[in-house]
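The first residue of the sequence shown is numbered 1, and numbering continues consecutively from there. The figures that follow rest on heavy atoms only: side chains count, while hydrogens, waters and symmetry mates do not. Small disclaimer: the values here were computed from a predicted structure and weren't measured.
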Amino acid sequence: MISDLVAQIGKTVIDGLSYLGALASLVARSAYFVFIGPFQGKPVRWRRVVSQAAEVGVRALPILSLITFFIGLILALQSAYELRKLGALSLVATAVAISVTRELGPLITAILVIGRSGSAFAAEIGTMRVTEEIDALETMAIEPVEFLVVPKFAAMIIMMPCLTLWANAMGILGGSLFGVTEAGFTWSRYMRSSLDALYLHDITTGLIKSVMFGITITAVGCYEGLSTGGGAEEIGRSTTRAVVLSIFLVILVDLVFTAVFFVGNQ
């Protein structure tokens, strides 16, 4: 009984490490085509990158704006509930600004992008795998990673920090609604208090996280698509796995980088 449990745990660990290795290999190949390939006569297909950037970034702005605005408002309400007991209601702006820029802005953006784009990557590439379009690309001597994954990889690296900055701004703006209506702030004073509370490292740590989140989301979504088995049912499974594993790995990456930044700032 115990030996079976140990064997199962060992198999799970090995499978997990193998999966992470496969993701790392896909990321390394994509990074090669983005950063080294152009110097070796393999230019990036920038038209496809721009198209992917519009899909990943521009079309996500309305729902991202709405969600992060309400998140900022909720943070202000929750913070004020406790700060009022301490007579420190004026710190609402500080609490919202730091919470959004360091953590919630990048994380909410990543989760939204997983739902919109990570799942779409898996479904798109999975469909191409099932319909043998990827086999056709290989027959024509076109590298599937270069043709399919690299434009998504480049677009995510570019757009995730931009989306995160926008999410930070909308979160702070949402907090200002409470600050102006209930906490005695003027709009300009609330914004000045928010900016005064932030240091450069608060913003840069969130942006670094957002880039890593984008790489993780792209790697998982594309890998699951490329690994799709035969049949339409497998496409659904790959899409589901991409979403679940992306959320798990994004949280794990968030934990690792938060710990690194915490130790580095001591």
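The side chain to side chain contact (heavy atoms under 4.5 Å, CB included) test with Lys11 is passed by exactly one of Asp15, Val13, Ile14: Asp15.
Annotation for Thr228 and Ser238: closest pair OG1-OG, 2.9 Å, computed over non-hydrogen atoms. The minimum heavy-atom distance between Leu75 and Ser99, with the atom names listed, is CD1-CB, 4.0 Å. Contact detail for Glu103 and Thr258: the closest heavy-atom pair is OE1-OG1, 3.8 Å. Between Ser194 and Ile172, the closest heavy-atom pair is OG-CG2, 3.7 Å. Across all non-hydrogen atoms, the minimal contact from Lys152 to Cys222 is CD-SG, 3.8 Å. Across every non-hydrogen atom of Val49 and Ala155, the tightest pair is O-CB, 3.7 Å.
Using a 4.0 Å cut-off between charged side-chain N and carboxylate O, Asp196 and Arg192 make no salt bridge. Salt bridge status for Glu143 with Arg29: present, with a side-chain N to carboxylate O gap under 4.0 Å.
Cluster annotation: Ile203 is not connected to Leu195 through the hydrophobic network of ILVMFWY side chains, with a link wherever side-chain heavy atoms come within less than 4.5 Å. Follow the hydrophobic side-chain contacts under 4.5 Å out from Val58 and you never reach Met156; the two are in separate clusters. In this structure, Ile108 is a member of the same hydrophobic cluster as Leu61, with clusters built from ILVMFWY side-chain heavy atoms closer than 4.5 Å. Neither Met170 nor Leu165 shares a network with the other; the hydrophobic side chains, linked directly or stepwise wherever heavy atoms of I, L, V, M, F, W or Y lie under 4.5 Å apart, form separate groups for each. Connection of Ile67 to Leu173 is established within a shared hydrophobic cluster, with ILVMFWY side chains joined at heavy-atom distances below 4.5 Å, either directly or through further cluster members.
Classified by interplanar angle (parallel below 30°, tilted 30° to 60°, perpendicular above 60°), the ring pair Tyr199/His201 is parallel.
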Would Phe185 and Phe178 satisfy ring pair (Phe, Tyr, Trp, His ring centres under 6.0 Å), going step by step from the backbone distance to the final call?
CA-CA 9 Å; Phe185 285 90; Phe178 172 83; 9.0 Å; no

Before you tell me yes or no, could you show the steps for Phe213 and Asp254 under side-chain contact (heavy atoms from CB on, under 4.5 Å), namely the whole-Å CA-CA distance, both residues' side-chain angles and the distance that decides it to 0.1 Å?
CA-CA 8 Å; Phe213 292 164; Asp254 188 24; 3.7 Å; yes

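Tyr32 and Gln40 form a side-chain donor-acceptor contact under 3.5 Å, judged by distance and modelled atom types alone.
With Phe147 as the aromatic partner, Arg48 meets the cation-pi criteria of under 6.0 angstrom to the ring centre and within 45 degrees of the ring axis.
Separation of atoms CG (Leu107) and CD1 (Ile111) is listed at 4.5 Å; rounding is to 0.5 Å.
Ring centers of Phe33 and Phe153: at least 6.0 Å apart, outside the cut-off.
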